[in-house]
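We count ligands from 1, going down the list as the structure has it; atoms in each ligand are counted the same way. The chain is numbered in sequence order, starting from 1. Atoms considered below: every heavy atom in the structure, side chains included; atoms not considered: hydrogens, waters and symmetry mates.
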Amino acid sequence: MKSKHIGLNTVCTHVGEVPDQQFKGAISPIYLSSSYEFMDVDVKRYPRYFNTPNQEYLAKKIAALEHTETAMIFGSGMAAISHMFLAFLKSGDHIVVQNTLYGGTTNFIREEFPKLNIEFTFTNGYKVEDFEAAIQPNTKLIHIETPSNPLLTITDIKAIATLAQQKSIVTSIDNTFASPVNQNPADFGIDLIMHSATKYFGGHSDICAGAVAGSKNHMDKIWNVSKNYGGSLSDFTVWMLERSMKTMGLRVKAQTKNAMKLAKWLNKQSFVKQVYYPGLKTHPEHQLATEQMKGFGAMLSFELTDSIDSNQFMKQLQLIKASMSLAGIESTMLSPAQTSHSLLTAEQREAVGITDGLIRFSVGIEDVKDLKTDILQAIQNL
Ligand SMILES: *Cc1c(COP(=O)(O)O)cnc(C)c1O
């Protein structure tokens with residue numbers, strides 16, 4: 001069966017299983033060997049070549065999920081993103097990046113690119129005109145992130161891909177927040193789809209990994225660079241990741257359903273000023289999200305009314321954990337002003353809409369009624 005014709009949960013469960021020739025076990029055997037029989041001068045199996053049996057097969061699952069020819073697995077989301085950038089940018093080149101990027105990506109660009117003489121422009125906004133205005137004659141890559149962190153803005157994937165194709169610029173997207181369960185950017189013409197597999201792919205807050213998916217032609221370029229930088233993932237973790245990904249469809253769909261219910265509920269609460277969730281009709285890009293997403297995802301943000309101290313609120317939570325990371329099966333919250341965006345000044349934060357009362361909510365698989373009860377008791381105990 002071609003993976004295009006089989007359902008999401010079947011892809012998650014079965015595509016990319018390493019066949020157990022020896023014992024016919026139900027799951028993929030794990031091959032921890034770092035040394036393999038010599039095949040050819042150009043074809044060697046070696047962990048840093050991203051082609052051990054477990055690496056090679058799990059990449060097939062990721063490619064099938066993202067509707068691309070091929071994929072690669074990395075040691076972290078940042079390894080995936082940095083190797084991808086470095087494969088398409090050299091000294092004198094220019095990259096256009098969305099203004100609201102994951103903090104680690106922003107740091108990588110600001111701290112490493114000047115050393116390499118790679119030019120970059122952060123867009124003024126997330127509309128296609130903002131990207132167009134930032135393009136230069138030496139622009140080689142456009143990188144977007146949608147839904148964005150932490151305000152869940154939606155960038156028009158197809159419009160960006162079309163703009164870039166007209167100018168022969170390669171496009172990449174950080175698809176971590178949506179996951180392939182809710183969004184397939186390759187279907188809209190994006191060249192490279194990158195994930196922090198630490199998030200929804202792993203899903204249990206116990207794996208650090210990354211992935212990039214794309215055409216064979218583009219991925220060959222990334223492989224050539226990545227084997228030199230060496231950001232591969234250990235086979236034990238690759239095997240753990242395969243195990244986690246079997247339930248990704250089930251998990252993310254349940255989380256997405258919970259997020260929709262909670263966004264609607266929070267929107268009606270007197271202690272909430274505003275809810276940011278692309279699934280709400282009041283979201284400015286709700287229509288666009290409906291066109292390019294299969295589901296609206298399990299990340300949302302909300303702003304508490306001015307009289308509430310967000311820190312005190314989070315301290316009162318008993319079930320929901322105050323946590324830096326996201327996308328696990330357990331619900332977590334954080335205050336972007338005090339964590340991910342704390343290095344910005346209060347004015348800079350205000351300018352991008354990140355107020356002190358803003359809370360980012362990574363919705364898990366718990367029963368919605370228990371999550372509501374926890375939020376209500378935290379408000380009552382302030
Ligand atoms: C976590 C994250 C990353 C970085 O991934 P790591 O696995 O922590 O290296 C990149 N992009 C987004 C959107 C993330 O949430």
Side-chain angles (χ1 to χ4, degrees), residues 58 62 66 71-86 95 97-112 122 126 141 143-155 157 172-183 185 190 192-213 222 226 229-234 237-238 240-241 244-245 248 252 255 259 276 278 293 296-301 323-336 339-341 352 354 360-364:
L58 184 58
I62 295 169
E66 281 298 8
M72 277 170 68
I73 303 146
F74 294 86
S76 69
M78 284 315 301
I81 208 157
S82 58
H83 291 43
M84 176 179 82
F85 281 171
L86 295 169
I95 180 174
V97 286
Q98 189 169 325
N99 59 347
T100 47
L101 286 187
Y102 174 72
T105 311
T106 303
N107 289 346
F108 178 76
I109 292 167
R110 287 198 192 287
E111 292 170 17
E112 304 305 324
F122 283 88
Y126 55 92
L141 192 62
H143 180 72
I144 64 173
E145 201 172 305
T146 179
S148 75
N149 180 21
L151 293 173
L152 291 303
T153 61
I154 304 294
T155 307
I157 299 175
S172 60
I173 186 171
D174 187 329
N175 204 29
T176 302
F177 263 37
S179 92
V181 177
N182 287 319
Q183 181 167 281
I190 296 290
L192 298 162
I193 296 97
M194 171 266 151
H195 283 278
S196 167
T198 313
K199 313 296 165 54
Y200 288 110
F201 283 27
H204 297 73
S205 308
D206 56 6
I207 283 173
C208 182
V212 182
I222 298 182
S226 303
Y229 282 103
S232 55
L233 185 66
S234 96
T237 314
V238 172
M240 289 281 287
L241 191 55
S244 294
M245 287 182 69
M248 183 167 69
V252 177
Q255 288 172 267
Y276 300 87
M293 299 182 81
F296 301 107
M299 297 298 300
L300 64 95
S301 286
S323 155
M324 279 298 283
S325 202
L326 60 108
I329 49 168
E330 70 283 4
S331 290
T332 61
M333 285 189 186
L334 71 66
S335 151
T339 54
S340 54
H341 295 72
V352 287
I354 299 169
R360 190 187 74 188
F361 190 179
S362 169
V363 179

Original post:
So which heavy atom in the protein is nearest atom 4 (C) of ligand 1, and how far is it from that ligand atom?
Top reply: Y102 CE2, 3.3 Å
Original post:
Minimum heavy-atom separation for N175 to P185, with atom names?
Top reply: ND2-CD, 3.4 Å
Original post:
Do the non-hydrogen side-chain atoms of F177 and Q183 ever get within less than 4.5 Å of each other?
Top reply: no
**OP:** Report the C-alpha separation of E66 and H195 in whole Å, then their side-chain angles, then the decisive distance to 0.1 Å, and conclude whether the side chain to side chain donor-acceptor pair (under 3.5 Å) test is met.
**Re:** CA-CA 10 Å; E66 281 298 8; H195 283 278; 2.6 Å; yes
**OP:** Output the list of atoms in ligand 1 that are nearer than 4.0 Å to some heavy atom of K199, sorted by atom number.
**Re:** 1 (C), 2 (C), 3 (C), 14 (C), 15 (O)
**OP:** Work out which heavy atom in A209 is nearest to a heavy atom in L233; give both atom names and the distance.
**Re:** CB-CD2, 3.7 Å
**OP:** Enumerate the atoms of ligand 1 whose separation from the nearest heavy atom of G77 is less than 4.0 angstrom.
**Re:** 5 (O), 6 (P), 7 (O), 9 (O)
Original post:
Between H143 and F85, is the gap from one ring center to the other below 6.0 Å?
Top reply: yes
Original post:
Which atom pair, heavy atoms only, marks the closest approach of A79 to G231?
Top reply: CB-O, 4.0 Å
Subject >> Atom indices of ligand 1, in the order listed, that fall short of 4.0 Å to a heavy atom of A209 >> reply: 7 (O)
Original post:
Which of the listed options, T176, N175, D174, holds the heavy atom that is closest to atom 11 (N) of ligand 1?
Top reply: D174
Original post:
What is the ring orientation for F74 with H83, classed by angle as parallel under 30°, tilted 30 to 60°, or perpendicular over 60°?
Top reply: perpendicular
Subject >> Within 45° cone and under 6.0 Å: R110 NZ/CZ vs F122 ring >> reply: yes
Original post:
Would you say N149 touches ligand 1, if touching means a heavy atom closer than 4.0 Å?
Top reply: no
Subject >> Per-atom contacts of ligand 1 with E145, taking only distances under 4.0 Å to non-hydrogen atoms >> reply: 13 (C)
Subject >> Contact atoms of ligand 1, heavy-atom distance to M78 under 4.0 Å >> reply: 5 (O), 6 (P), 9 (O)
Original post:
Does ligand 1 have an atom under 4.0 Å from some heavy atom of H195?
Top reply: no
Original post:
Going by the atom numbers of ligand 1, which of them fall below 4.0 Å from some non-hydrogen atom of T198?
Top reply: 6 (P), 7 (O)
**OP:** Pull out every atom of ligand 1 sitting under 4.0 Å from any heavy atom of S76, numbered as shown with elements.
**Re:** 7 (O), 9 (O)
Subject >> Protein contact of atom 5 (O) of ligand 1 - nearest heavy atom, named by residue and atom, plus distance >> reply: S196 OG, 2.9 Å
